[in-house]
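Chain letters run A, B, ... following the sequence lines, proteins first and then strands; every chain starts at 1.
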There are 2 protein chains.
Amino acid sequence: MPTVSSEELAAAAGVNSAKLRKDFSYLGSYGTRGVGYDVEYLVYQISRELGLTQDWPVVIVGIGNLGAALANYGGFASRGFRVAALIDADPQMAGKPVAGMPVQHTDELERIIQDNGVSIGVIATPAGAAQQVCDRLVAAGVTSILNFAPTVLTVPDGVDVRKVDLSIELQILAFHEQRKAGEEAADTMPAVAARKQPADKGPDGDVPAVMPA
Amino acid sequence: MPTVSSEELAAAAGVNSAKLRKDFSYLGSYGTRGVGYDVEYLVYQISRELGLTQDWPVVIVGIGNLGAALANYGGFASRGFRVAALIDADPQMAGKPVAGMPVQHTDELERIIQDNGVSIGVIATPAGAAQQVCDRLVAAGVTSILNFAPTVLTVPDGVDVRKVDLSIELQILAFHEQRKAGEEAADTMPAVAARKQPADKGPDGDVPAVMPA
DNA sequence: AGGTGTGAAAGGGTTCACAGCG
DNA sequence: CGCTGTGAACCCTTTCACACCT
């Protein structure tokens, strides 16, 4: 399929075709009237705009179950992320291979960041260690942090933090589950709970690509 | 601190106090004019509205690194989730304790769901197994699914699916990182990339009591 | 014709500003 | 007097509809 129309893409994504065209138009005029969008060219332009064509070295700090899961996560490489190092505070872990890569000790953190020009760090440590690790990452030059620890991190201006709370997704499901259960009683429910919502979005959410209602 | 004002809460949350008051007003009139909101009462009301006061048994299918990380995740219990069972297809895993709970074999899936009245399932299997597991969960009575596998699941109407893609969060960080790098060249950047964004929201970001849809 | 790109209209959500209550 | 609750103004996003290009 060498080209797609906004209509086809919109249907696949579950959005309005006008919205899709308007969104694309902010990136430039990459379509051809009467024809549609050249798939390969479009993919490249969007990838470039999103930064997927760059190589982003990242470090993962805290190689417990979650850190190991992240290290093994296949989706990273295909999106331009390269795991530059796995770091853990436990000396027992040092040298152990995880996802085909030896775990390094926290002592090496600063050197690793600098040697690899890492600007993105992933924190998968226990809550208690997160802020400290964060501070060291920032001091070493990291300017974006993905935080899986259940703590709110404090960072200086200019540093971005995104927090992933795995239980929030469950909470959203439970919220809808609750509504399903009390559907017939909808009239007596508060406005918020009763309001029908158009397929609400996940964390990828801003990527409705395929979110079934 | 027995009471808070909308102003204080708004500052803490990084939003406008009027928005906060309006949002709360959809839940009912739980504040006191001239005083503020009674903290304990407010927490209860919001918890109830979100379904946090209910007990939600969940099953986790696929006890690899990620599944184990989820099983150990402390945040669940405090939000009303109870891990009813850990399920894995590997017979070797059966009986092994993970997070103080024996892993059970996939053969038991249907029975476990029914015995525990589980309506929420978490899929942490490899991509190849996800749809099949999903089908079985749904057939057994699950109506909400949290999917960590990198696959788009197909489900019947009435079943909610939320997909968590761990790399998307990194992608968002990389996007901002890219902008930081090219800040001085902002004038020549496409409109989208150059546009200043109000501290955009994390995954928890799209969970304000009232979904911004 | 066929489908993009976009001005204009419509729709929603946020903020303002203040009445009203404790 | 202080702070909530909320109508109205405002602003941003989405959708419509069509001019315009291929």
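- Of the listed nucleotides (C/dT14, D/dA17, D/dC16), D/dA17 has the atom at the smallest distance from the side chain of A/Arg21.
- Regarding contacts with the backbone of D/dG5, a side-chain N or O of B/Tyr37 is found under 4.0 angstrom from either OP1 or OP2.
- Regarding contacts with the backbone of C/dG5, a side-chain N or O of A/Ser29 is found under 4.0 angstrom from either OP1 or OP2.
- Between B/Asp160 and A/Arg179 there is no salt bridge, since none of the side-chain N atoms of the basic residue sits less than 4.0 Å from a carboxylate O of the acidic one.
- The residue among A/Asn16 and A/Val35 whose nearest nucleotide of DNA chain D is located toward the 5' end is A/Asn16.
- Spacing between atom CG of A/Leu27 and atom P of C/dT6 amounts to 12 Å, rounded to whole angstrom units.
- For D/dG2, the base has no donor-acceptor partner in the side chain of B/Arg33 [N/O atoms by modelled type, under 3.5 angstrom].
- Between B/Tyr30 and D/dC3, a side-chain N or O to OP1/OP2 separation shorter than 4.0 Å is absent.
- Proximity of a side-chain donor or acceptor of A/Ser144 to a complementary backbone N or O of A/Ile120 within less than 3.5 Å is not detected.
- For B/Lys19 and C/dT14, the shortest distance from a side-chain N or O to OP1 or OP2 is below 4.0 Å.
- In this entry the distance linking CG of B/Leu20 with C1' of C/dT15 reads 13 Å, nearest Å.
- Nucleotide D/dC12 holds its P atom 17 Å from the CG atom of A/Asp23, rounded to whole Å.
- Between B/Ser6 and D/dT4 there is a side-chain N or O to OP1 or OP2 distance below 4.0 Å.
- No option in A/Leu137, A/Val142, A/Val138 other than A/Val138 meets the side-chain contact (heavy atoms from CB on, under 4.5 Å) test with A/Val159.
- Picking from C/dG22, D/dT22, D/dT15 the nucleotide with the shortest atom distance to the side chain of A/Thr32 gives D/dT22.
- At whole-Å resolution of the value, OH in B/Tyr26 and P in C/dG13 are 8 Å apart.
- Minimum atom distance to the side chain of B/Lys22 is reached by D/dA8, of the listed C/dA17, D/dA8, D/dC16.
- Side-chain atoms of B/Arg48 and B/Thr53 include no donor-acceptor pair closer than 3.5 Å.
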